[in-house]
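Following: one structure in structure tokens, then a few remarks.
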Amino acid sequence: MSALAHAPTWAPYLSAEFDAPYMQALKSFLRQEKDQHKIIYPHSDHWFHALEVTPLDQVKVVIIGQDPYHQPGQAHGLCFSVKPGVKTPPSLVNIYKELETDLGIPRANHGYLENWAQQGVLLLNAVLTVQDSNAASHQGKGWEQFTDKVIEVVNQECEHVVFLLWGSYAQKKGAVIDQSRHFVLKAPHPSPLAAHRGFFGCKHFSQANAYLQKKGREAINWSLPDLK
């Protein structure tokens with residue numbers, strides 16, 4: 001089965017990547033990790049979850065993260081998001097604080113961002129896997145090249161997308177974006193180490209919605225439904 005069997009809108013643009021030498025090397029690396037009984041997050045079923053839940057033709061907003069969470073039960077393929085029942089991580093707590101200040105949206109009692117993804121918010125990590133309890137362990141193995149291609153596809157195939165680039169890593173990765181076609185917003189990372197340097201007060205959520213509506217696109221409802 002193709003790795004993108006559940007992401008049919010993306011497959012025409014990304015399938016060739018799986019035959020590229022860098023991807024063969026990445027597959028080999030991941031196989032070795034598994035052969036050595038290393039635990040990898042998220043589960044392989046969720047490696048491409050961001051593409052599966054947000055079709056290419058529905059992308060309105062792109063948020064770029066760096067790595068999946070590396071503790072058990074957290075990562076499920078969407079940047080900044082954790083599975084239901086898992087404690088909301090500090091960066092996401094700060095995202096919720098900014099949402100509350102910006103749009104008056106009360107903070108969600110969970111960290112599961114699937115609802116945003118279903119509305120067209122592509123929650124893309126630059127690196128799609130990580131070893132258990134070993135942050136950044138899969139950086140430089142090939143995922144960055146694949147996710148650069150994802151960003152390139154959005155840049156070329158979509159119109160009027162908002163890119164929220166938080167932190168220098170995301171800003172560097174988003175440097176290719178055509179700002180005459182898309183709206184790029186930059187701020188420091190929402191992590192506790194950086195949020196006070198300008199993430200708080202950036203008003204990215206209201207600015208994103210204002211731009212989408214100006215371009216005739218439906219705004220994102222950033223208010224997350226309570227989990228049953």
Side-chain angles (χ1 to χ4, degrees), residues 41-42 46 49-50 53-54 59-71 73-128 130 135-136 147 150-151 154 161-174 177 182-213 218-227:
Y41 302 130
H46 282 135
H49 188 55
V53 74
T54 309
V59 175
K60 295 178 183 173
V61 177
V62 178
I63 298 176
I64 299 174
Q66 199 160 342
D67 278 278
Y69 296 119
H70 58 267
Q71 294 300 316
Q74 292 181 304
H76 66 107
L78 303 180
C79 73
F80 293 107
S81 180
V82 289
K83 292 179 182 175
V86 176
K87 186 171 185 274
T88 305
S91 290
L92 185 52
V93 169
N94 285 341
I95 289 169
Y96 289 167
K97 285 179 183 175
E98 176 57 24
L99 257 179
E100 189 170 33
T101 307
D102 186 11
L103 290 171
I105 291 171
R107 295 177 212 175
N109 63 357
H110 60 83
Y112 189 55
L113 305 182
E114 194 89 3
N115 178 267
W116 290 359
Q118 289 166 349
Q119 293 184 70
V121 181
L122 180 64
L123 296 166
L124 182 70
N125 273 319
V127 177
L128 301 186
V130 70
T147 52
V150 172
I151 292 165
V154 174
V161 172
V162 183
F163 288 82
L164 303 183
L165 305 181
W166 298 334
S168 57
Y169 186 92
Q171 287 161 22
K172 200 180 298 178
K173 199 164 177 71
I177 297 155
H182 305 293
F183 188 39
V184 175
L185 290 168
K186 298 177 184 178
H189 196 276
S191 81
L193 298 172
H196 292 278
R197 297 205 294 263
F199 178 78
F200 291 138
C202 70
K203 300 193 181 305
H204 278 188
F205 303 101
S206 58
Q207 288 188 68
N209 277 352
Y211 173 83
L212 290 170
Q213 289 175 308
E218 198 174 336
I220 304 295
N221 178 5
W222 295 103
S223 180
L224 290 161
D226 285 340
L227 293 179

Between CH2 of W116 and NZ of K60, what distance do you get to the nearest 0.5 Å? 14.5 Å
Heavy-atom nearest pair, Y69 first then S81, reads CE1-O, 3.3 Å
If only atom types and distance count, is the side chain of Q74 paired as donor or acceptor with the main-chain N or O of K83 below 3.5 Å? no
Might you point out which heavy atoms bring G174 and L165 nearest each other, and give the distance in Å? CA-CD1, 4.0 Å
Distance, nearest 0.5 Å, that separates OH of Y41 from CG of D67: 14.5 Å
Heavy-atom pair of closest approach, residues A117 and L78: CB-CD1, 4.0 Å
Spacing of NE2 belonging to H204 relative to CD1 belonging to I63, to within rounding of 0.5 Å: 10.5 Å
Check for a donor-acceptor pair, side chain of D102 on one end and backbone N or O of F205 on the other, with a separation under 3.5 Å. yes
Test item: N94 and P192 side chains (from C-beta on) under 4.5 Å apart, heavy atoms: yes
Under the criterion side-chain contact (heavy atoms from CB on, under 4.5 Å), which of L92, V82, L224, V86 is the partner of H110? L224
Run the numbers on V150 and L122 for side-chain contact (heavy atoms from CB on, under 4.5 Å), then give the verdict. CA-CA 10 Å; V150 172; L122 180 64; 4.2 Å; yes
Side-chain contact, heavy-atom cut-off 4.5 Å: V127 with Q66? no
Residue of the set V61, I220, T54 for which side-chain contact (heavy atoms from CB on, under 4.5 Å) holds with Q119: I220
Nearest 0.5 Å please: distance from the CG atom of N125 over to the OG1 atom of T147. 8.5 Å
Here the gap from S191 atom OG to H196 atom NE2, rounded to the nearest 0.5 Å, amounts to 9.5 Å
Identify the two heavy atoms, one from A75 and one from P42, that lie closest to each other, and give their separation to 0.1 Å. O-CB, 3.5 Å
Could you measure the distance from the CD atom of E98 to the CH2 atom of W222? Nearest 0.5 Å is fine. 11.5 Å
Any ring-ring contact (aromatic ring centres under 6.0 Å, His included) pairs touching residues 73-93, not counting sequence neighbours? H49-H76, H76-Y112, F80-W166, F80-H189
Decide yes or no on side-chain contact (heavy atoms from CB on, under 4.5 Å) for V62 and I177, but give the supporting numbers first. CA-CA 11 Å; V62 178; I177 297 155; over 6 Å; no
Has Q213 got more than 12 heavy atoms of other residues, nucleotides or ligands less than 6.0 Å from its CD? yes
For a 4.5 angstrom cut-off between non-hydrogen side-chain atoms, does L113 reach V121? no
On a heavy-atom basis, the closest approach of L227 and P84 is CD1-CB, 3.6 Å
For C202 and L185: C-alpha separation, side-chain torsions, deciding distance, then whether side-chain contact (heavy atoms from CB on, under 4.5 Å) applies. CA-CA 9 Å; C202 70; L185 290 168; over 6 Å; no
Strictly by salt bridge (Lys or Arg N to Asp or Glu O under 4.0 Å), give each pair with a member in residues 105-118 just once, sequence neighbours left out. E100-R107
Taking it one step at a time, do N209 and L212 satisfy side-chain contact (heavy atoms from CB on, under 4.5 Å)? CA-CA 5 Å; N209 277 352; L212 290 170; 4.1 Å; yes
Backbone N/O of K97 and side chain of T101: donor-acceptor pair under 3.5 Å: yes
For V184 versus K186, what's the shortest heavy-atom pair and its separation? CG1-CE, 4.0 Å
